[in-house]
Amino acid sequence: MDNPVPPRAAGPGPRRRDRHGRGMRGPVAPPQVPLSASRAEVFADLVQDSVERLERRWPQLADFDFLVLEVPRLDGPPEAWADETVPLGGTIAAREGHPARVVVYRRPVEIRTKGRDERAALVHEVVVEQVAELLGLTPETVDPRYGED
């Protein structure tokens, strides 16, 4: 038997349907929707919001680097970590060719908070404390609203 209809050749254009006759699958949410942002990206945005809030009062913060790391490194002997709590942030002083750095540790902060608002408040407190340490000031001087609920 001859087939009266020849098979259709695949054209150069995009494929409109999959082999089951359904439309092509796409992402669950478009990139501009917050659903598509990862937890790490959302956390980095919280840190950036806190830094921008402080830069209005302290323009010299533009010279600092602000980093987000997953967890602090376990440098040194194990006895050094026996009695201490896990840090939420840290600082690295400026040295030749490198600006001062403020580090916020994402996982320890996330574990200590329940919601986005609580997380944003804790991130801001950590950033204020670390900036105060680098500037040699008290956290209340860096942000007068520090410690308020």
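This is a predicted model, so every value here is computed, not measured. Heads up: numbering here begins at 1 and tracks the sequence.
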Asker: Can you tell me how far OG1 of Thr141 sits from CH2 of Trp58, rounded to the nearest 0.5 angstrom?
Answerer: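 Here the rounded value is 7.0 Å.
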Asker: Could you tell me whether the side chain of Phe43 reaches within less than 4.5 Å of the side chain of Val104, counting heavy atoms only?
Answerer: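 Heavy-atom side-chain distance check passes, below 4.5 Å.
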Asker: Taking atom CZ of Arg106 and atom CG of Leu69, what is their separation to the nearest 0.5 Å?
Answerer: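 Arg106 atom CZ to Leu69 atom CG measures 11.0 Å (nearest 0.5 Å).
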Asker: Please tell me if the side chains of Leu88 and Glu129 come closer than 4.5 Å, counting only heavy atoms from C-beta onward.
Answerer: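 Side-chain contact under 4.5 Å: no.
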Asker: Quick check: do Gln130 and Val103 have side-chain heavy atoms less than 4.5 Å from each other?
Answerer: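 SC-SC contact between Gln130 and Val103 ruled out.
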Asker: Tell me whether Leu67 is reachable from Tyr105 by hopping between hydrophobic residues (I, L, V, M, F, W, Y) whose side-chain heavy atoms are closer than 4.5 Å.
Answerer: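 Tyr105 and Leu67: one cluster.
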Asker: Using every non-hydrogen atom in the two residues, find where Gly89 and Val126 come nearest and quote the distance to one decimal.
Answerer: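 Looks like CA-CG1, 3.9 Å.
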Asker: List the atom of Pro99, the atom of Asp65, and the distance in Å for their closest heavy-atom pair.
Answerer: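 In this case the closest contact between Pro99 and Asp65 is CG-OD2, 3.3 Å.
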Asker: Enter the distance from Glu41:CD to Gln48:CD here, rounded to the nearest 0.5 Å.
Answerer: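 Glu41 atom CD to Gln48 atom CD measures 13.5 Å (nearest 0.5 Å).
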Asker: Find out whether Leu135 and Gln60 are in side-chain contact, i.e. whether some heavy atom of one side chain is under 4.5 Å from a heavy atom of the other.
Answerer: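 Yes, at least one pair of side-chain atoms sits under 4.5 Å.
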Asker: If two hydrophobic side chains count as joined below 4.5 Å and joins carry through other members, does Ile92 share a cluster with Val47?
Answerer: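 Each belongs to a different hydrophobic cluster.
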Asker: Any side-chain heavy-atom pair from Leu54 and His124 closer than 4.5 angstrom?
Answerer: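 The answer is yes, as the side chains (C-beta and beyond) meet within the 4.5 Å cut-off.
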Asker: Decide yes or no for Phe66 and Val127: does some side-chain heavy atom of the first lie under 4.5 Å from some side-chain heavy atom of the second?
Answerer: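 Phe66 reaches Val127 side chain to side chain.
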Asker: Quickly, which of Leu61, Val51, Val131 forms a side-chain contact (heavy atoms from CB on, under 4.5 Å) with Val102? Name it, please.
Answerer: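 With Val102 as partner, side-chain contact (heavy atoms from CB on, under 4.5 Å) holds for just one option, Val131.
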Asker: Quick one: which of Val142, Thr138, Leu137 gives a side-chain contact (heavy atoms from CB on, under 4.5 Å) with Glu140?
Answerer: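 So the option named by the test is Thr138.
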Asker: Taking Arg112 for its side chain and Pro108 for its backbone only, find out whether a donor-acceptor pair lies under 3.5 Å.
Answerer: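 Confirmed, Arg112 side chain pairs with Pro108 backbone.
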Asker: Can you see which heavy atom on Val128 is nearest to which on Pro139, and at what distance?
Answerer: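 So the two residues come closest at CG1-O, 3.6 Å.
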Asker: Looking at Arg119 and Thr113, what are the two nearest heavy atoms and their distance?
Answerer: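 Of all heavy-atom pairs spanning Arg119 and Thr113, the closest is NE-OG1, 3.2 Å.
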